[in-house]
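First up is the structure itself, then whatever we jot down about it.
Note: hydrogens, waters and symmetry copies are ignored here, and every other heavy atom, side chains too, is used. Note that ligands are numbered from 1 as they come in the structure, with each ligand's atoms numbered from 1 the same way. This structure is a prediction, so every number in the text was calculated from the model and none was measured.
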Amino acid sequence: MSKLRVAVIGARGRMGSEAVRAVEAADDMELVAAVGRGDSLDALTEAKAQVAVELTHPDAVMGNLAFCVERGIHAVVGTTGWTEERLAELRTRLADSPGTGVLLAPNFGIGAILSMHFARQAARFFESVEIVELHHPNKADAPSGTAVRTAEVIAGARRAAGCPPQPDATTTALEGARGATVDGIPVHAVRLRGLVAHQEILFGEEGEVFTIRHDAMNRASFMPGVLLGIRRIGERPGLTQGLEHFMDLGG
Ligand SMILES: NC(=O)C1=CN([C@@H]2O[C@H](COP(=O)(O)OP(=O)(O)OC[C@H]3O[C@@H](n4cnc5c(N)ncnc54)[C@H](OP(=O)(O)O)[C@@H]3O)[C@@H](O)[C@H]2O)C=CC1
Ligand SMILES: O=C(O)C1=N[C@H](C(=O)O)C[C@H](O)C1
């Protein structure tokens, strides 16, 4: 069987360099291009890349995806910092290139995806919920893409179950003291030297607190998810949000 021809964009970064190693080590893939800031994306077309892995910066990702989608190169995207406006632009671009698939995965970590899955299940049983995400201080965006997605998942489950807004009697607060609000859920972002990527989802009810915590101790932990996305994205044209669509999580 022929190998999948894979390119990595952002290849010299923390995640990109890890992705280069993972693709090189995969028996069913060939790394045909590895580009960084200042390099021409034409390397992807010249090398006939079938799938591009995008791991750059919120300001760069849309331009890189526009290039790939226009040329029918599927993309597996780890870059975060997405807004509704950017998503709408990406959907428009994909509509002009039917057959091309883009996976936006705010987190490639299997445990992180399971955290969100379990949080969806827990959401309706607790009166209160808050999210604390903790990352290295070189991270460009806050809150993390994972925290935003987690808040959306929890808020959706609470709406579907008819849960009322959560209690919060705060009337006086220093700006930022209650974090950012994502879909009604408070999200707090910590940036601390020594950390990689961590998240706690705190559920509270009278007399009990239930915490779901995920810790990524290194970036190699994201690579099984990156490789899964590369293997599967060609089967799924259009926009896919979340690696869970390629995993059988059951109920
Ligand atoms: N989905 C997931 O599981 C994960 C997602 N991420 C996300 O991945 C992204 C990258 O994170 P990380 O690797 O830590 O960041 P880094 O800053 O280490 O890497 C980003 C790389 O992209 C390069 N770059 C910037 N602009 C361009 C461009 N226009 N074209 C090509 N390369 C470019 C940077 O170059 P230069 O250094 O010159 O600026 C840098 O080498 C972030 O958005 C982060 O949130 C991170 C971890 C896991
Ligand atoms: O920048 C990072 O490091 C990470 N970014 C992703 C995010 O914003 O959720 C995934 C993971 O948390 C690591």
### Query
Under 4.0 Å from atom 20 (C) of ligand 1, is there any protein heavy atom?
yes
### Task
Look only at interatomic distance and state if Arg219 has a nitrogen or oxygen under 3.5 Å from any nitrogen or oxygen of ligand 1.
no
### Message
Would Thr80 count as a polar contact of ligand 1, with the cut-off being nitrogen or oxygen pairs under 3.5 Å?
### Response
yes
### Message
Under a 4.0 Å threshold between the charged nitrogen and the carboxylate oxygen, would Glu30 count as salt-bridged to Lys48?
### Response
no
### Query
Is His136 in contact with ligand 2, taking contact as a heavy-atom separation below 4.0 Å?
yes
### Query
Parallel, tilted or perpendicular: which describes the rings of Phe126 and Phe203, with under 30° parallel and over 60° perpendicular?
tilted
### Message
So if I count the atoms of ligand 1 from 1 in the order they appear, which ones are less than 4.0 Å from some heavy atom of Lys139?
### Response
45 (O)
### Task
State plainly whether the residues Lys3 and Asp27 are in salt-bridge range, i.e. N to O under 4.0 Å.
no
### Task
Just go through Arg37, Arg12, Arg14 and tell me whose heavy atom is the nearest to atom 17 (O) of ligand 1.
Arg14
### Message
So for Ala105, does at least one of its heavy atoms come nearer than 4.0 angstrom to any atom of ligand 1?
### Response
yes
### Query
Can you tell which of Ala140, Gly81, Gly78, Gly13 gets a heavy atom nearest to atom 8 (O) of ligand 1?
Gly78
### Close N or O approach (Met15, ligand 1; < 3.5 Å)
yes
### Task
Using a strict 4.0 Å cut-off to heavy atoms of Gly10, name the atoms of ligand 1 that fall inside it.
22 (O), 32 (N)
#### Entry: Pair Glu18 + Arg21: basic N to acidic O under 4.0 Å
yes
### Query
Is there a donor in the side chain of Thr79 and an acceptor in the side chain of Glu54, or the other way round, less than 3.5 Å apart?
yes
## Note on the structure
re atom 30 (N) of ligand 1, the protein heavy-atom contact at minimum distance is Asn64 ND2, 3.9 Å
### Query
Going by an N to O cut-off under 4.0 Å, is there a salt bridge joining Glu89 and Arg86?
no
### Query
Is any side-chain N of the basic residue among Arg12 and Asp39 closer than 4.0 Å to the acidic one's carboxylate O?
yes
### Task
Could you tell me whether some N/O pair between Phe108 and ligand 1 is separated by less than 3.5 angstrom?
yes
### Task
Examine the side chains of His74 and Gln50 and answer whether a donor and an acceptor come within less than 3.5 Å of each other.
no
### Query
Under a 4.0 Å heavy-atom limit, does Thr146 contact ligand 2 with its side chain, its backbone, both, or neither?
both
### Shortest heavy-atom approach to atom 29 (N) of ligand 1 - which of Pro106, Gly38, Ala112, Ala60
Ala60
### Task
State plainly whether one hydrophobic cluster holds both Leu103 and Ile9, where clusters connect Ile, Leu, Val, Met, Phe, Trp and Tyr through side-chain heavy atoms under 4.5 angstrom apart.
no
### Message
Measuring from atom 10 (C) of ligand 1, which candidate in Thr56, Ile113, Thr79 has the nearest non-hydrogen atom?
### Response
Thr56
### Query
Taking only heavy atoms of Asn107, which atoms of ligand 1 are found under 4.0 Å from at least one of them?
1 (N), 2 (C), 3 (O)
## Note on the structure
What one should report as the nearest heavy-atom pair of Ala52 and Leu44 is CB-CD2, 3.9 Å
